[in-house]
Structure formats: structure tokens, C-alpha cells
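The structure appears right after this line, and notes come after that.
These numbers come from the heavy atoms of this one structure, side chains and all, not from hydrogens, waters or symmetry mates.
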Amino acid sequence: MSIDTRPAAPTVSPVLRNPATASRRRKRWGNPLAGLGSLIWLVLVVVPLYTLISSSLMHQDEALNGDPLAFPTHPTLDNYNTVLHSGFGTMLGNTAIVAASTVAIVLVLAVPVAYVAVRTRSRLSSLAFRTFLLGVAIPAQAVIVPLYLLIGKMGLYDTLPAIILPTAAFAMPVAVLVLSGTMRDVSEEMYEAMSLDGASPLRMLWQLAVPMSKAGISTVAIYTALQAWNGFLFPLILTQSEENRVLTLGLFNFMTQFGVNIPAVLAAIVLSVVPIFAVYLVARKALVNGLMGVGGK
């Protein structure tokens, strides 16, 4: 009688034998690590926002001596009233003018520059594109002194254009980079078809490249608006009068104006964040799509 010495075949679990079952099991349990990370991220975002809003509704003594995570026992809007009667409307209007003007300048200049960089194969256009990209590596702090002297020579010191022009200049490199990547997504066949129809380069820009690059243009507009809205260095160095003050500089001065009145400072922060946060909520999808490079596809 012979004995079979061959190793027994390994047993395979029903789950591994059936890929569909394994897939359903993975879908049922999800990704615990991703869920835990999302929960941590949510806490890190929600807790500061809750503290900001709740503390802005507190009285001064409660904010100093109470629990910052506790809801105010006697909520009040006096802090918001104090901020609104301290020149907040003027600063909000100046900030809106700076942001809108900066976005307009950047779009008017960056769109044709990106189009030329994509459609032109000459060494000059390549050199110009590389020069724009160098601006990404140059911080504003490195050129603030010559910029201050230049603004003074131009007679623009203590004016809103003194803030708008440098802000637009420092937003241009990123704008050209994003728009050139977006316009490269437009197929060459579309350009050739319009060229065969007798379309000029300007017509191809406005009737093909711009409509197909809406996501990139939206990304540039939102990014530039955020940069202009949150800018602090240029308003601090290039302006000094009350009528040309923007929100970031106003919040800086509120710390001195209100002393240790923490709820009033937080109320000013809440009011300054609401407009740009509303813009982000409306256009966040276009911003994400543009940054991911999907462009007009």
C-alpha cells in the first residue's frame, strides 16, 4: 500500500475565491484610515470656526475669563455693531476694489500671454514664458524696498493703485502657469479646423481657447482674488491714510484700537471672511478642477 506524500492543496476561502464578494466586503467596510483622517481634519476645521464665531458673540469679561469652547451665556451683537461703526464699510469697499481690479488686470494680461506661450514655438516666446515662471521664486519681501521707491517715483504712494499693481504683478506667474497648462489641453485638431476656416489667431483665442479654458480662468480669478483680499505687506508699506485702508491692515489696527477687546477683533475677522468665503463656495468646483489640470476637457 503506497502512501501519497504530495502536499495537500491549499484551501482558499470563499471570499478570496469570489472577487465580487471581496469587493462587496471592501465597499461595506470602506477605508477606516481615510475615515479617521477625515474626522480629524473635520475637527481641526470646525473647532476653530466654532470658537471664532462663539467668541465674537461674547462679552469682554466672558471672553477673558470663560471657556473659549463654551457657547456664550448671553450672546450679543454689540461687537459687530462696534466694528461696523469703526470704518469697516470703507475698508471693505477698498478691499473689494483692490480684489476686483487685480483680477481684471491679471486676466486681461495672463490669458493672451498663456495663449502665445502655448501656440508659438519661437525662442522668444519660450524665453518670455520662462521669465514669467521665474516670478514664482521671487518673494515680495525681496523687492519691497525698490518697489517702494518705484511707487513713490510714479506718484502712486498712498493710493489703491499702489496696492493693485504689485499684487497683480506677483499673481501673474501663477496665472500664466495655470492658464498655459489649461490651454494645452485644447486639441490641436480644433485649432487646425478653425485655421482652415480662415480664423485669425485673435479669433481662435476668444472663440476657442477662452471658452475651452473656463476652468483654468476661474481658478486664476479665484486664486488672484484670494491673494488680493488677504494681502498685507503691500497695504502696510505702500499706504498710510485711513481712506485707503484695506481689511487686513484694518484688522491689524483693530488690535490697538480695541486693546484687549477680543470679541470685537474676532467679530471683525468674521465680517472680513464672509464675502471671500461666499465666493469660494460658489466657485470651489472650478477651482479644484483647474488646479487638477482637467481644464476645458
| request: Can you spot which of L52, L49, N79 makes a side chain to side chain contact (heavy atoms under 4.5 Å, CB included) with V270? | output: L52

| said: Using the side chain to side chain contact (heavy atoms under 4.5 Å, CB included) definition, which of the options V106, I105, L107 pairs with V103? | reply: L107

When you measure from the side chain of [X] to the backbone of [Y], do you find a donor-acceptor pair of N or O atoms at a distance under 3.5 Å?
{"X": "Q227", "Y": "A171", "answer": "no"}
{"X": "N94", "Y": "R245", "answer": "yes"}
{"X": "W229", "Y": "S272", "answer": "yes"}
{"X": "S180", "Y": "V176", "answer": "yes"}
{"X": "T159", "Y": "L156", "answer": "yes"}
{"X": "S213", "Y": "V210", "answer": "no"}
{"X": "T248", "Y": "G231", "answer": "yes"}

Working to the nearest 0.5 Å, report the span between [atom1] of [X] and [atom2] of [Y].
{"X": "T90", "Y": "E242", "atom1": "OG1", "atom2": "CD", "result": "9.5 Å"}
{"X": "D78", "Y": "H59", "atom1": "CG", "atom2": "NE2", "result": "6.5 Å"}
{"X": "L247", "Y": "I269", "atom1": "CG", "atom2": "CD1", "result": "11.0 Å"}
{"X": "Q207", "Y": "M212", "atom1": "CD", "atom2": "CE", "result": "13.5 Å"}
{"X": "M91", "Y": "S86", "atom1": "CE", "atom2": "OG", "result": "7.5 Å"}
{"X": "L147", "Y": "Q141", "atom1": "CG", "atom2": "CD", "result": "11.5 Å"}

If every non-hydrogen atom of [X] is compared with every non-hydrogen atom of [Y], which pair is closest and at what distance?
{"X": "F234", "Y": "T167", "answer": "CD1-OG1, 3.5 Å"}
{"X": "T131", "Y": "L127", "answer": "OG1-O, 2.7 Å"}
{"X": "Y157", "Y": "Q240", "answer": "OH-OE1, 3.8 Å"}
{"X": "A209", "Y": "Y115", "answer": "CB-CD1, 3.8 Å"}
{"X": "Q60", "Y": "P263", "answer": "OE1-CD, 3.1 Å"}
{"X": "L109", "Y": "V113", "answer": "O-CG2, 3.1 Å"}

Hydrophobic cluster membership, [X] vs [Y], 4.5 Å side-chain cutoff:
{"X": "I40", "Y": "L33", "answer": "no"}
{"X": "I217", "Y": "L202", "answer": "yes"}
{"X": "I53", "Y": "F71", "answer": "no"}
{"X": "M190", "Y": "V116", "answer": "no"}
{"X": "F277", "Y": "V274", "answer": "yes"}

Is there a side-chain contact between [X] and [Y] (heavy atoms, below 4.5 Å)?
{"X": "V186", "Y": "L208", "value": "yes"}
{"X": "L266", "Y": "S55", "value": "yes"}
{"X": "L160", "Y": "T239", "value": "no"}
{"X": "L92", "Y": "P275", "value": "yes"}
{"X": "I262", "Y": "M58", "value": "no"}
{"X": "Y80", "Y": "L57", "value": "yes"}

| said: So for atom OH, which belongs to Y50, do other residues, nucleotides or ligands contribute more than 12 heavy atoms lying within a distance under 6.0 Å? | reply: yes

| message | For the OH atom on Y148, are there more than 12 heavy atoms of other groups (residues, nucleotides or ligands in this structure) within a distance under 6.0 Å? | response | no

| query | Between S241 and D158, is a side chain to side chain donor-acceptor pair (under 3.5 Å) present by the stated rule, with each step listed? | reply | CA-CA 7 Å; S241 60; D158 198 22; 3.0 Å; yes

| message | Distance to the ring centre below 6.0 angstrom and angle to the axis at most 45 degrees; does that hold for R184 and F129? | response | yes

| Stepwise side chain to side chain contact (heavy atoms under 4.5 Å, CB included) check, T102 with F170 | CA-CA 10 Å; T102 303; F170 277 89; over 6 Å; no

